[in-house]
2 protein chains.
Amino acid sequence: MRRDSRLSGVLHVLLHMAEHPGPMTSEMLARAMGTNPVVIRRLMAGLRERGFVRSEKGHGGGWTIACDLAAVTLLDVYEALGRPGLLAMGNRTEAPGCLVEQAVNAALGDAFDEAEALLLRRFGALTLAALSADFHQRLAKRGGSTDLEKNHAA
Amino acid sequence: MRRDSRLSGVLHVLLHMAEHPGPMTSEMLARAMGTNPVVIRRLMAGLRERGFVRSEKGHGGGWTIACDLAAVTLLDVYEALGRPGLLAMGNRTEAPGCLVEQAVNAALGDAFDEAEALLLRRFGALTLAALSADFHQRLAKRGGSTDLEKNHAA
DNA sequence: GATATACGTAACATATAAAGTTTCATGAGA
DNA sequence: TCTCATGAAACTTTATATGTTACGTATATC
C-alpha cells in the first residue's frame, strides 16, 4: 500500500476545524478530504481520548478543538494516532545469531534510529499554532478566504 | 505488510559471499536466509546489472562478488535495489489546492525530506568493506567461525 | 414522545507491495 | 545426454492503510 497519510490527514482536519466557528461534522470534514466520515472518526478517536478534540452527538453536534493550539505539537498528534511506523525499511531479523547479520543490523539500525529520532524531534518542535500561522501567512499572500468551500473542490 | 527488508537482506547475502571462497548458489544463500532461491535471485538482479556481482549458470555456478568492497557503499546497493521508498509516511496529496493542506505539506515535507537525506547520507558513508570489518571485529571478539553452517540454524 | 441528526463501533471490502512459491526455459559443465 | 544453476513469468500469501456498509446510541428539535 502507498505511504501512510494519517498524520497529514489529521493535521489537515485540525487546521480546518481551527478556522471554522462551531463544531464540524465528520460528514463535512470527509467531504473536504475526499473521503468517508468513518475514516474521519477513526482518525479523531485517538485525539479525543487525549482531550485534544471533543465530539458531540445529535443535532448541532460534531467535532470541536478542545486544546490550546500553541500547546500541542505534531509529536502529540503523532502519538495520539498510536505512533504508526515511520520508516518503510527495517532489519530482516531482530536478534539474529549470525554475526554477519548482527553487523548489518548494527549499521542499518543506527541509521534508522537516527532518522526516526530526527523525525520525532522535528514533530516535537512544531506546534499546531505554528502550522496555523503558516497557513495564515499563505492566505495573506494569496488573499483568499478561509472558507472550506473556497479551498476544496466540491 | 511489515517493513521492507531487502536492503538488510542483500547486505547479509553480500557479506556471506565475501567470506566464502568460490561461488555460492541461490540455493545455499536461500537456506542461510531462511527463504527461497527465487527471492535471492530477485534481490541480486539489480546488483548484477550494476556489475557488483556476477552469476554463472550450470555446474559449479552461482554468485560471486565482482567489485572492490571498499569502493561500494550501501547507497550504491540501495540504488541497485531500485531505490525503494524509505519512509512509511507521506503527505496525503502532492499538489493540493487547499492552503491548509499546503501548509501541512510544507511542514511535514521538510521533515520527511530531511530524514530521507539523512538516511542516504548515512548509506553513502558506509562501504561494504566497513561492514565486513565490523563483522570480523565481532568475530574476533566471539572467536567463532566464518562458516555459514556455524552461524545459521540448519 | 417521535423524528432527524451525528457519533461509535464492528464487520467487511479494496488496493498495494513485499515476500514466498511454482513452473518452465536456457545455458554450462560433467 | 544428463544434471545443475540461473532467468523470468505467473501465481499465492500476508500485512496494512483506506474505503464502505450497517447498526447501535445519544441528543436536539418538532
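A, B, ... follow the sequence lines: proteins, then strands. Residue 1 opens every chain.
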Expected list for residues 71-81 of chain A: side-chain donor-acceptor pairs under 3.5 angstrom, two or more places apart:
{"residue": "Thr73(A)", "atom": "OG1", "partner": "Leu75(A)", "partner atom": "N", "Å": "3.2"}
{"residue": "Thr73(A)", "atom": "OG1", "partner": "Asp76(A)", "partner atom": "N", "Å": "3.2"}
{"residue": "Thr73(A)", "atom": "OG1", "partner": "Asp76(A)", "partner atom": "OD2", "Å": "3.2"}
{"residue": "Asp76(A)", "atom": "OD2", "partner": "Thr73(A)", "partner atom": "N", "Å": "2.9"}
{"residue": "Tyr78(A)", "atom": "OH", "partner": "Pro84(A)", "partner atom": "O", "Å": "2.6"}
{"residue": "Glu79(A)", "atom": "OE2", "partner": "Arg83(A)", "partner atom": "NH2", "Å": "2.6"}

Using distance only, find each side-chain donor-acceptor pair of residues 50-60 of chain B under 3.5 Å and give its atom names and separation, not counting sequence neighbours.
none

Could you go through residues 34-45 of chain B and list every donor-acceptor pair under 3.5 Å that involves a side-chain atom there, pairing it with any protein atom two or more places apart or in another chain?
{"residue": "Asn36(B)", "atom": "OD1", "partner": "Val38(B)", "partner atom": "N", "Å": "3.0"}
{"residue": "Arg41(B)", "atom": "NE", "partner": "Ser26(B)", "partner atom": "OG", "Å": "3.4"}

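Terminal axes of the helix from dG1(C)-dC30(D) to dA30(C)-dT1(D) (five pairs each, C1' rotation axis) are separated by 10°, to the nearest 10°.
Side-chain atoms of His20(B) and His16(B) form no donor-acceptor pair, as typed in the model, at a separation below 3.5 Å.
Residue-level contact check: Arg48(B) touches the backbone only, with heavy atoms under 4.0 Å from sugar-phosphate atoms and none from bases. Arg42(B) comes within 4.0 angstrom of a nucleotide base, judged by non-hydrogen atoms across all strands.
Applying the side-chain contact (heavy atoms from CB on, under 4.5 Å) criterion to Ala133(A), with sequence neighbours excluded, gives no partner residue. Under the salt bridge (Lys or Arg N to Asp or Glu O under 4.0 Å) criterion, Arg6(A) pairs with Asp4(A), sequence neighbours left out. The side-chain contact (heavy atoms from CB on, under 4.5 Å) check on Ala70(A) picks up Asp68(A), Ala129(A), with sequence neighbours excluded. Under the side chain to side chain donor-acceptor pair (under 3.5 Å) criterion, Gln137(B) pairs with no residue at all, not counting sequence neighbours.
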When you compare the protein's N or O atoms with those of nucleotides 21-28 of chain D, which come within less than 3.5 Å of each other, and at what distance?
{"residue": "dA26(D)", "atom": "O4'", "partner": "Lys57(A)", "partner atom": "NZ", "Å": "3.4"}

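Summarising the hydrophobic clusters (Ile, Leu, Val, Met, Phe, Trp, Tyr; side-chain heavy atoms under 4.5 Å, direct or chained), the residues clustered with Leu118(A) are Leu118(B).
For the segment residues 72-91 of chain A, the set of residues with a heavy atom within less than 4.0 Å of an atom of DNA chain C is empty.
Among residues at least two apart or in separate chains, salt bridge (charged side-chain N to carboxylate O under 4.0 Å, His left out) pairs with a member in residues 106-131 of chain A are Glu114(A)-Arg122(B), Glu116(A)-Arg3(B), Arg122(A)-Glu114(B).
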